[in-house]
Amino acid sequence: MAAVGRSAPGTRLLLVLLAAPLLHVAVCLEPISMGIAIAAASAITGYMSFPEFYCGRLVECCRVDKPLNSTALQADLKENLFGQHLAQEVIYRAMTGFMSTENPKKPLALSLHGWTGTGKNFVSKMIVENIYELGMQSKFVHLFVSTVHFPHNSLIPLYKDQLQSWIRGNTSRCARSIFIFDEMDKLHPGLIDAIKPFLDYYEHIDGVSYRKAIFIFLSNAGGDLINRQMLDFWNSGKKREDLQLKDMENVLSVGLFNNNNSE
């Protein structure tokens, strides 16, 4: 594979529900008991004001400012992604660079190529799990499979409007939204055109900024080119680890450009 002092809105309501019973019971108690009850309610209120408690334990929050654990990501890639040194290197560098930039110029777009079974979905899952604890089940992660979500060419105009609306709406709610598109080699060109504006250097589109979003594209296109390049390396007596990104970039760029089916 190649890899080219204010709580959240819901908190205030929750605190009222928790504190009210304590205060109600305290009315029937002696002053010292009342003081203990009020202190307990205050402690709960203060504790739940921390994002670390509210977000994760009670609800899933979109915390754009939460830093990436680069050490954990590196360990995941090294220990679980076997024989993919190029993917390890490129993904780690791209993720750490993007996530550590406070105001990126554009969204992060990763395009993973290779035949079925080379680990594209596995890698995207790994990336997601290093950002959101719920992984692929997170409400901020959105997976599209071309043949499942966009099966009819006659409905492309409708799909285009729905897709753009989905990306716009979810990014407006969470700037660190992740969009994964599987089977990109089977995605209609009209839908690819619908995605392109969100990937550019725009500060915002209709009041929504997409600069902190992540787009991951998975494609079988180029799998034969990658295998052919690997075979040439092997025949020339070179090791797999000697393969550099530039060796793949040129082959994939020319091959995919000349392949009308690899939009």
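Using bins of under 30°, 30° to 60° and over 60° for the plane-to-plane angle, the ring pair F198/F215 lands in the parallel bin. Note on ring orientation: taking the six-membered ring where Trp is involved, the planes of F140 and Y132 are tilted (angle from 30° to 60°). Using cut-offs of 30° and 60° on the angle between ring planes, the pair H142 and W166 is perpendicular.
Here CD1 of I127 is found 11.0 Å from CZ of F122. Values are rounded to the nearest 0.5 Å. Rounding to the nearest 0.5 Å gives a distance of 10.5 Å between CG of L199 and CZ of F179. Once rounded to the nearest 0.5 Å, the distance linking CD of E129 with CD of Q137 reads 10.0 Å. Going from atom CD1 of I178 over to atom OG of S124 covers 9.5 Å, rounded to the nearest 0.5 Å. Interatomic distance, I167 CD1 to F144 CZ, rounded to the nearest 0.5 Å: 6.0 Å. To the nearest 0.5 angstrom, F98 atom CZ is 10.5 Å from R211 atom CZ.
Counting heavy-atom neighbours within 6.0 Å of D206 CG, excluding the residue itself, gives a total of 12 or less.
Cation-pi geometry between K106 and Y201 is met: under 6.0 angstrom from the ring centre, within 45 degrees of the axis.
When every heavy atom of P197 is checked against every heavy atom of I205, the shortest pair comes out as O-CD1, 3.4 Å. For L73 against M95, the heavy-atom pair with the smallest separation is CD2-CB, 3.7 Å. Closest approach of H149 to P151, counting heavy atoms only: C-CD, 3.4 Å. Pairing each heavy atom of C62 with each of A175, the nearest pair is SG-N, 3.9 Å. Residue K212 comes nearest to E102 through the heavy atom pair CE-O, 3.1 Å, listed as atom of the first residue, atom of the second, then distance. A pairwise comparison of heavy atoms in Q84 and T118 identifies NE2-O, 3.4 Å as the closest pair.
In this structure, a donor-acceptor pair under 3.5 Å is absent between the side chains of N130 and N69. Checking K120 against N220 by side-chain atom types alone, a donor-acceptor pair falls below 3.5 Å. Side chain to side chain, S219 and E183 fail the donor-acceptor criterion of an N or O pair below 3.5 Å.
By the criterion of side-chain heavy atoms lying less than 4.5 angstrom apart, applied directly or through intervening Ile, Leu, Val, Met, Phe, Trp or Tyr residues, L218 is not grouped with W115; the two fall into different hydrophobic clusters. Tracing side-chain contacts under 4.5 Å through hydrophobic residues (I, L, V, M, F, W, Y), one reaches F181 starting from L155; they form part of the same cluster. Side-chain heavy atoms closer than 4.5 Å link hydrophobic residues (I, L, V, M, F, W, Y) into clusters, and following such links, possibly through other members, connects I156 to I192. Note: the hydrophobic cluster containing V64 does not contain I131 (ILVMFWY, side chain heavy atoms under 4.5 Å, direct or indirect links).
Residues V141 and L134 have side chains not in contact (no heavy-atom distance under 4.5 Å, counting atoms from C-beta outward).
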Going through the distances and angles, do Y202 and Y210 end up as a ring pair (Phe, Tyr, Trp, His ring centres under 6.0 Å)? CA-CA 8 Å; Y202 298 115; Y210 300 89; 9.3 Å; no
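Panel note: side chain E60, backbone K139; a donor-acceptor pair is recorded below 3.5 Å. Not one N or O on the side chain of S138 forms a donor-acceptor pair closer than 3.5 Å with the backbone of G135.
Residue pairs meeting the salt bridge (Lys or Arg N to Asp or Glu O under 4.0 Å) criterion with at least one partner in residues 156-173, sequence neighbours excluded, do not occur; the list is empty.
Looking at residues two or more places apart in sequence or on another chain, you find no side-chain hydrogen bond (donor to acceptor under 3.5 Å, both in side chains) involving D200.
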